[in-house]
**Student:** 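Sharing a structure here in structure tokens format.
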Amino acid sequence: MFYLLYLHFADVAKDYPLLHLIQYQTVRVGLAMVTAMIVAVAMGSRFINWIRTKQGRGQPIRDDGPVSHLSKVGTPTMGGLMILAGIGVAVLLWGDLTNPYIWIVSFVTAAFGVLGFIDDYAKVTKQTSAGLTSKQKLVAQVIVSVIAGVMTVAWMTYSPTSPGLETSIAFPFFKNVLLNIGWFYVAFAAFTIVGFSNAVNLTDGLDGLAIVPVMMAAAAFGVIAYLVGNFIFSQYLGVHHVPGAGELAIFCAAMIGGGAGFLWYNAPPAKIFMGDTGSLALGGSLGAIAVTTKHELVLGIVGGLFVMEAASVMIQVGYYKLTKKRIFLMAPIHHHFEKLGWPESTVVIRFWIIAAALALAGLATLKLR
């Protein structure tokens with residue numbers, strides 16, 4: 001049905017020059033960004049007021065956290081719904097709904113968003129910082145990610161990609177170097193999606209800290225998706241061509257627009273928090289985009305800030321179990337710097353600078369081969 005509608009629109013667009021422009025991917029990228037931002041901003045105050053009345057005391061604040069965070073008591077959560085609404089509307093309006101990669105990434109984003117919503121709901125109703133158990137979230141994430149991995153491999157198997165690309169890991173800095181791991185690739189894809197989803201979730205601890213690096217990573221992968229989806233550019237750069245992946249640039253643009261609209265209300269002092277509804281979904285979508293564009297390892301560079309945050313937690317927990325001592329004053333690492341006396345705004349802006357540098361470094365891997 002979507003394919004027939006798309007063909008009908010293409011026929012109509014031929015008679016109207018302005019509509020003809022919409023067929024160009026770059027135009028739809030801009031429209032998706034603007035649309036998602038307008039939707040998120042438009043939801044703004046009314047949504048925040050409504051959800052504040054429903055949540056009452058808002059998101060629970062950790063008692064062992066920095067003292068400055070106590071002033072945030074009563075701030076509502078689930079602001080990720082604003083971002084997801086913007087993404088959904090923008091993708092439905094401007095995305096090619098016949099493209100399977102759009103549906104794979106949308107599936108992961110929606111499923112993780114629902115999981116995050118359930119977790120946020122449990123936290124708000126129980127008034128505790130612990131919602132669903134780690135095991136419950138991990139099992140759900142793995143199931144969704146495995147399905148997405150199988151869907152990606154299956155589609156690439158029957159599409160005109162390079163032989164073996166569907167189950168291979170591509171390495172940055174090297175041309176035509178692939179490690180084919182067969183169907184074990186599904187486990188690798190699931191690890192990428194789940195790991196990055198949780199990494200973004202751990203980063204979401206200060207006003208604006210997570211959303212801006214997410215927008216930067218989305219911008220970087222929007223460029224990557226566009227280039228790997230274009231045969232001429234992919235050949236010139238020496239990256240593996242993935243037919244149809246360029247359409248994910250529209251999804252990335254929607255993430256940027258939705259994130260910008262949310263940041264309007266999340267900028268310090270935040271009127272609403274993203275919550276797991278947003279962080280799990282956005283992290284999962286970036287992981288899924290990396291998998292479908294065959295740039296899983298580059299995600300570790302582009303999203304290096306999130307990797308650093310997740311690594312700080314794992315190091316802290318592992319070292320404490322071995323020695324009963326802590327390396328950081330508090331994990332994730334952004335809280336460590338707060339404990340050292342850095343103002344929240346200083347931590348956030350400096351982390352943004354790191355995220356921007358890493359996003360550019362990730363893009364540089366496209367040429368340094």
Side-chain angles (χ1 to χ4, degrees), residues 99-112 115 134-202 217 220-221 224-225 228-229 234 238-245 248 251 280-304 306-308 310-311 313-315 318 362 365-366 369:
N99 186 294
Y101 296 124
I102 286 287
W103 287 106
I104 292 171
V105 176
S106 297
F107 164 68
V108 172
T109 306
F112 279 31
L115 177 63
S134 299
K135 184 177 181 180
Q136 289 173 325
K137 286 192 287 187
L138 184 61
V139 169
Q141 287 175 312
V142 168
I143 292 173
V144 171
S145 300
V146 167
I147 294 173
V150 171
M151 291 168 66
T152 301
V153 171
W155 174 251
M156 286 189 176
T157 301
Y158 295 103
S159 62
T161 55
S162 302
L165 181 62
E166 67 276 2
T167 54
S168 297
I169 301 172
F171 291 85
F173 306 112
F174 298 97
K175 292 182 179 179
N176 303 318
V177 176
L178 290 173
L179 176 62
N180 195 327
I181 56 176
W183 279 95
F184 285 107
Y185 178 80
V186 172
F188 176 74
F191 173 80
T192 300
I193 296 171
V194 173
F196 211 74
S197 174
N198 288 316
V200 173
N201 181 239
L202 290 170
F221 267 92
I224 291 172
V228 301
S234 62
V239 297
H240 298 282
H241 177 48
V242 183
L248 291 173
F251 196 100
L280 290 180
L282 295 176
S285 63
L286 285 172
I289 292 169
V291 167
T292 50
T293 56
K294 307 306 294 182
H295 276 70
E296 306 91 346
L297 299 183
V298 173
L299 178 63
I301 302 174
V302 170
F306 304 113
V307 175
M308 179 183 71
V313 174
M314 291 187 287
I315 292 170
T365 64
L366 294 171
R369 291 173 184 267

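Being a predicted model, the structure only gives us computed values, none of them experimental.
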**Student:** Okay, side chain of Lys294, backbone of Leu165: is any donor-acceptor separation there less than 3.5 Å?
**Tutor:** yes
**Student:** Kindly compute the distance separating CG (Leu366) from CD1 (Ile224), expressed to the nearest 0.5 Å.
**Tutor:**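 Reported value, rounded in 0.5 Å steps: 5.0 Å.
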**Student:** Just jot down the side-chain hydrogen bond (donor to acceptor under 3.5 Å, both in side chains) partners of Ser168, sequence neighbours excluded, or say none.
**Tutor:**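 By the side-chain hydrogen bond (donor to acceptor under 3.5 Å, both in side chains) rule, Ser168 matches no residue at all.
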**Student:** Identify, with sequence neighbours excluded, every residue that meets side-chain hydrogen bond (donor to acceptor under 3.5 Å, both in side chains) alongside Glu296.
**Tutor:** Tyr185
**Student:** Does any part of the side chain of Tyr158, heavy atoms only, come nearer than 4.5 Å to the side chain of Glu166, both counted from C-beta?
**Tutor:** no
**Student:** So which heavy atom on Ser285 is nearest to which on Val108, and how close?
**Tutor:** N-CG1, 4.4 Å
**Student:** Nearest 0.5 angstrom please: Phe196 CZ to Asn201 CG, how far?
**Tutor:**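 Answer for the CZ-CG pair, Phe196 versus Asn201, is 12.5 Å.
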**Student:** Measure the spacing between CH2 of Trp103 and CE of Met151 and express it to the nearest 0.5 Å.
**Tutor:** 10.0 Å
**Student:** When you compare the side chain of Ile102 with that of Leu248, does any pair of heavy atoms fall below 4.5 Å?
**Tutor:** yes
**Student:** Measure across Gly164 and Asn180 and return the closest heavy-atom pair with its distance rounded to 0.1 Å.
**Tutor:**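 So the minimum-distance heavy-atom pair works out to O-ND2, 3.6 Å.
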**Student:** Distance from Lys137 atom NZ to Phe112 atom CZ, nearest 0.5 Å?
**Tutor:** 11.5 Å
**Student:** Report the residue from Thr292, Val302, Val228 that forms a side chain to side chain contact (heavy atoms under 4.5 Å, CB included) with Phe221.
**Tutor:**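 Only match with Phe221 under side chain to side chain contact (heavy atoms under 4.5 Å, CB included): Val302.
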**Student:** Could you please spell out the steps behind the side-chain contact (heavy atoms from CB on, under 4.5 Å) verdict for Val242 and Thr293?
**Tutor:** CA-CA 7 Å; Val242 183; Thr293 56; 5.7 Å; no
**Student:** Measure the spacing between CD of Gln136 and CG of Leu115 and express it to the nearest 0.5 Å.
**Tutor:** 9.5 Å
**Student:** Give a yes or no on whether Phe188 atom CZ has more than 12 heavy-atom contacts from other residues, nucleotides or ligands under 6.0 Å away.
**Tutor:**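 Yes, enclosed.
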**Student:** If we only count heavy atoms from C-beta on, is the Tyr101 to Trp155 side-chain gap below 4.5 Å?
**Tutor:**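 Of all side-chain heavy-atom pairs linking Trp155 with Tyr101, at least one is under 4.5 Å.
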**Student:** Got a second to check how far Ile104's CD1 is from Asn99's CG, nearest 0.5 Å?
**Tutor:** 8.5 Å
**Student:** Which atom pair, heavy atoms only, marks the closest approach of Ala310 to Ala199?
**Tutor:**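 Shortest heavy-atom contact: CB-CB, 4.0 Å.
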**Student:** Indicate the atoms forming the closest heavy-atom contact of Leu299 with Leu286, along with that distance.
**Tutor:**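 Reported closest heavy-atom pair: CD2-O, 4.1 Å.
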**Student:** Give the minimum heavy-atom separation between Ile193 and Gly287, together with the two atoms involved.
**Tutor:** CG1-C, 3.7 Å
**Student:** Identify every side-chain donor-acceptor pair in residues 139-148 under 3.5 Å, counting partners at least two apart or on other chains, and give the distances.
**Tutor:**
| residue | atom | partner | partner atom | Å |
| --- | --- | --- | --- | --- |
| Gln141 | OE1 | Asn198 | ND2 | 3.3 |
| Gln141 | NE2 | Ser197 | OG | 3.3 |
| Gln141 | NE2 | Asn198 | OD1 | 3.2 |
| Ser145 | OG | Gln141 | O | 2.8 |

